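Please read these numbers as outputs of a predicted model, since none were measured by experiment.
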Amino acid sequence: MTPEVVLIRGGQADAVRSRIRSDFPEVRVLDDEAAHPATTIIAGRVRDEELPGLPALAWVHSWAAGVESEVGPVLRGSGVTVTSSAGNGAVPLAEHAMLLALQLDRGGHRWSDAARGARWDRFVHGELAGKTMGIYGFGNIGAALAPRASAFDMTVIGLRRDVGRTPAAVDRLYRPEEVLDFAGRCDVLVVTAPLTVETRGAIDLRVLSALRPGATVVVVSRGGIVVDADLLTALDSGAVAGAGLDAHTVEPLPADSPFWSRDDVVVTPHNGATTPATADRGTAIFLDNLRRRVTEDPLVNRVDPNSLA
């Protein structure tokens with residue numbers, strides 16, 4: 001069997017190369033990030049224009065959990081296997097969702113503004129206990145978020161295609177075609193779905209208007225699932241009381257975006273999963289898949305290019 005030739009790109013490249021050389025001595029690891037015609041595996045971003053010079057390439061692993069922006073049209077149609085690091089950021093994104101939900105529920109910006117002005121600003125605010133959190137796209141992030149929300153004495157519901165088994169800490173799962181019934185129970189709607197052909201634009205004004213009075217919207221997975229113009233309309237009308245946005249349709253969020261200047265919106269720069277442990281989990285996923293490839297076992301986290309938005 002021809003030895004695998006692995007190219008590693010990204011901030012953790014040196015550490016990953018060291019692990020491969022230690023754990024997989026039969027695998028050839030390239031010393032830098034430049035592509036070589038003999039390369040069979042790349043961990044990191046691959047540009048479409050590189051592909052003609054990579055005739056042996058068989059597998060690309062993305063350090064990202066959602067790969068729609070990492071996989072260009074040429075790679076999508078190339079037949080090269082693509083895997084992702086899905087699940088690596090579930091824990092910090094679940095924590096970030098709770099942070100944004102609390103910030104919105106308590107009007108936390110008022111305390112920040114008052115502190116900067118040395119003002120003693122006490123006011124009546126909300127509490128999450130007793131409210132219902134709806135998790136749209138109940139996957140890895142949702143599985144991490146549900147017990148955290150439950151620990152705050154919230155009722156948790158979810159929406160996903162597979163409703164065969166209801167996870168612990170979840171009151172009920174809804175199918176995508178039941179989205180309006182799902183929305184009608186939500187005090188806090190958290191978007192944790194990947195951006196796919198099916199989810200792009202799925203949270204529109206019709207769905208936002210079905211939320212409970214005073215509901216808030218939190219987005220921690222991908223922008224483009226919530227229709228920005230419809231969210232602004234819902235905020236202006238009061239159909240949505242506030243939004244916490246870590247993922248945005250256009251990134252970086254343009255300086256002229258109206259989301260920046262609204263007191264009812266908390267903006268963070270797609271930063272919720274930027275932790276050392278996220279990178280470590282992504283490395284572990286790749287190394288496990290490398291072991292699987294060497295032993296000819298099925299890879300995990302395979303991506304269907306046809307499903308990408």
Any donor-acceptor pair under 3.5 Å from [X] side chain to [Y] backbone:
X: T199; Y: P194; value: yes
X: N301; Y: S84; value: yes
X: T278; Y: T274; value: no
X: R148; Y: M98; value: no

Distance-only side-chain donor-acceptor flag, D171 / T155, under 3.5 Å: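 No, no side-chain donor-acceptor pair sits under 3.5 Å.
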For H61, the option from V67, I285, I8, I41 that meets side-chain contact (heavy atoms from CB on, under 4.5 Å):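 When side-chain contact (heavy atoms from CB on, under 4.5 Å) is applied between H61 and each of V67, I285, I8, I41, only I285 qualifies.
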I need the single residue from V207, L189, L211 that forms a side-chain contact (heavy atoms from CB on, under 4.5 Å) with F182. Which is it? L189
Between R172 and Y174, is NZ or CZ placed under 6.0 angstrom from the six-membered ring centre and within 45° of the ring axis?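 Yes, a cation-pi geometry holds between R172 and Y174.
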Determine whether [X] and [Y] make a side-chain contact, defined as any pair of heavy atoms from C-beta on separated by less than 4.5 Å.
X: V71; Y: V303; answer: no
X: R200; Y: L195; answer: yes
X: D31; Y: R17; answer: no

Measure the CZ-CZ distance between R19 and F286 for me, rounded to the nearest 0.5 Å. 11.0 Å
Verify same cluster id: V190, L100 (apolar side-chain graph, 4.5 Å): yes
